[in-house]
Amino acid sequence: QFSQSGLGILGRLLGLSHPPDYIEAFDISNIGGSTIVGGMTVFRRGRPEKRLYKKFTIRDMAAPDDYAAMEQMLTRRLTHYKEAAENGKKDGFETLPDLWLIDGGAGQVAAAKKAAAQFGVEIPIFGMVKDDRHRTRAIRAENEEIAIRSSQSVFRLITAIQDETHRYANDYRKRMMHKKSYAATLTELPGVGPKTSAALLAHFKTVTAVKQASISDLEEVKGISHAKAENIYNALRQ
């Protein structure tokens with residue numbers, strides 16, 4: 001938990017009209033480009049509000065592009081906001097924050113502002129910049145850098161937000177990669193393509209459970225005939 005004075009100082013540093021009591025922070029995580037995800041964390045009055053965190057799988061992107069990925073994530077976040085406003089759904093997207101903090105520099109901030117402009121929403125947007133040792137260093141406006149080390153309370157708050165958002169996005173990417181490696185294990189079996197692999201994992205949850213399944217268990221999966229179940233069962237035991 002961080003002091004209200006820290007939020008007040010942060011608000012003044014950023015030129016906000018009031019302390020940013022409701023903050024959303026965003027980070028993109030990818031290694032190698034095949035699995036690109038985004039994480040959104042929420043801080044209310046300086047505390048992480050974990051029940052409001054959101055995960056995004058970045059779609060239709062052949063190669064890593066942090067700016068495009070950030071724009072896609074924030075466009076989708078605001079699409080949910082618009083839908084919530086129209087249908088009254090309370091899913092954590094219905095409220096606009098006092099501040100968006102984006103992991104990255106001017107390019108990420110510009111991508112975020114582009115997404116906000118598409119929806120005509122007014123959200124203060126700033127980047128969280130790290131030094132060459134991956135430690136929080138400053139806040140980035142689109143055209144200038146704002147030093148934060150002079151205020152210990154602000155520095156600790158921004159560091160905590162940046163670290164937590166990075167952790168959340170990275171954990172999601174690791175889980176996605178683990179899931180993909182599971183699916184790859186199954187697609188090595190004869191007659192099992194991506195669709196069947198996905199159906200098996202949706203039904204049994206883990207590869208270990210698939211391996212332990214009987215032929216009749218396998219037949220319960222949608223789209224798997226008795227003959228196909230026999231083939232999978234036998235292939236798993238070779």
inquiry  = Please evaluate residues Gln152 and Arg156 with respect to the criterion side-chain hydrogen bond (donor to acceptor under 3.5 Å, both in side chains), reporting the C-alpha separation (whole Å), side-chain torsions for both, the decisive distance (0.1 Å), and the verdict.
reply    = CA-CA 6 Å; Gln152 196 60 33; Arg156 283 185 11 251; over 6 Å; no
ask   = Just wondering, do Pro20 and Phe43 contact through their side chains at under 4.5 Å, heavy atoms?
value = no
remark   = dist Arg149:CZ -> Arg137:CZ (nearest 0.5 Å) comes out at 8.5 Å
request  = Mind checking the CG-CZ spacing from Leu7 to Arg12? Nearest 0.5 Å is all I need.
outcome  = 10.5 Å
ask   = Can you find a heavy atom in the side chain of Asp217 that is under 4.5 Å from one in the side chain of Phe204?
value = yes
Closest approach of Arg77 to Pro97 (non-hydrogen atoms, all atoms of both residues) = NH2-CD, 4.3 Å
task = Would you check if Met40 and Arg76 make a side-chain contact, meaning some heavy-atom pair closer than 4.5 Å?
result = no
task = Mind checking ring-ring contact (aromatic ring centres under 6.0 Å, His included) for Phe56 and listing every partner two or more places apart, or none if nothing turns up?
result = none
message = Quick check: is Val129 connected to Met70 through a chain of hydrophobic side chains (ILVMFWY, heavy atoms under 4.5 Å apart)?
response = no
query = Considering all heavy atoms of both residues, which atom of Ala112 and which atom of Leu74 are nearest to each other, and what is their separation?
reply = CB-CD1, 3.3 Å
key: side chain to side chain donor-acceptor pair (under 3.5 Å) partners of residues 78-102, not counting sequence neighbours, each pair once   = Glu24-Trp100
key: Of Ile148, Ile161, Ile102, Asp27, the residue whose pairing with Met128 passes side-chain contact (heavy atoms from CB on, under 4.5 Å)   = Ile161
message = Can you see whether Glu164 engages Thr41 through a side-chain donor-acceptor pair at a distance of less than 3.5 angstrom?
response = no
query = Looking only at heavy atoms, which two atoms of Ala213 and Arg237 are closest? And how far apart?
reply = O-NH2, 3.6 Å
inquiry  = Same cluster or not: Tyr67 versus Met73, using hydrophobic residues (I, L, V, M, F, W, Y) connected whenever any side-chain heavy atoms lie under 4.5 Å apart?
reply    = no
query = Taking only residues at least two apart or on different chains, which pairs with a member in residues 54-63 satisfy side chain to side chain donor-acceptor pair (under 3.5 Å)?
reply = Thr57-Tyr172
task = Please name the pair of heavy atoms, one in Phe155 and one in Thr136, separated by the smallest distance, quoted to 0.1 Å.
result = CE1-O, 3.3 Å
request  = Any chance you could measure Asn234, atom CG, to Leu189, atom CG, to the nearest 0.5 Å?
outcome  = 11.0 Å
query = So, Arg47 and Glu49, do they make that salt bridge, N to O below 4.0 Å?
reply = no
query = Do Asp103 and Thr165 have side chains that get closer than 4.5 Å, going by heavy atoms?
reply = no
query = Between Arg167 and Asp163, is a salt bridge (Lys or Arg N to Asp or Glu O under 4.0 Å) present by the stated rule, with each step listed?
reply = CA-CA 6 Å; Arg167 177 203 65 77; Asp163 288 351; over 6 Å; no
task = Decide side chain to side chain contact (heavy atoms under 4.5 Å, CB included) for Thr196 and Val221; before the verdict, give the C-alpha distance in whole Å, the side-chain angles of both, and the deciding distance to 0.1 Å.
result = CA-CA 9 Å; Thr196 302; Val221 178; over 6 Å; no
request  = Please tell me if the side chains of Leu14 and Ile139 come closer than 4.5 Å, counting only heavy atoms from C-beta onward.
outcome  = yes
request  = Check step by step if side-chain hydrogen bond (donor to acceptor under 3.5 Å, both in side chains) holds for Thr208 and Thr206.
outcome  = CA-CA 5 Å; Thr208 301; Thr206 68; 4.6 Å; no
query = Looking at Gly6 and Val154, what are the two nearest heavy atoms and their distance?
reply = O-CG2, 3.5 Å
request  = Would you give the length of the straight line joining atom CD1 of Ile28 to atom CG of Asp65, rounded to the nearest 0.5 angstrom?
outcome  = 10.0 Å
query = Quick one: CD1 on Ile23 to CZ on Phe126, what's the gap to the nearest 0.5 Å?
reply = 11.5 Å
message = Determine whether Asp66 and Asn30 satisfy the following criterion, side chain to side chain contact (heavy atoms under 4.5 Å, CB included), listing intermediate values before the conclusion.
response = CA-CA 9 Å; Asp66 276 2; Asn30 73 81; 3.3 Å; yes
Student check: side-chain heavy atoms of Leu96 and Leu78 closer than 4.5 Å = yes
query = Taking atom NZ of Lys211 and atom CG of Leu200, what is their separation to the nearest 0.5 Å?
reply = 12.5 Å
ask   = Where do Ser225 and Glu219 come nearest, in terms of heavy atoms and distance?
value = O-CG, 4.2 Å
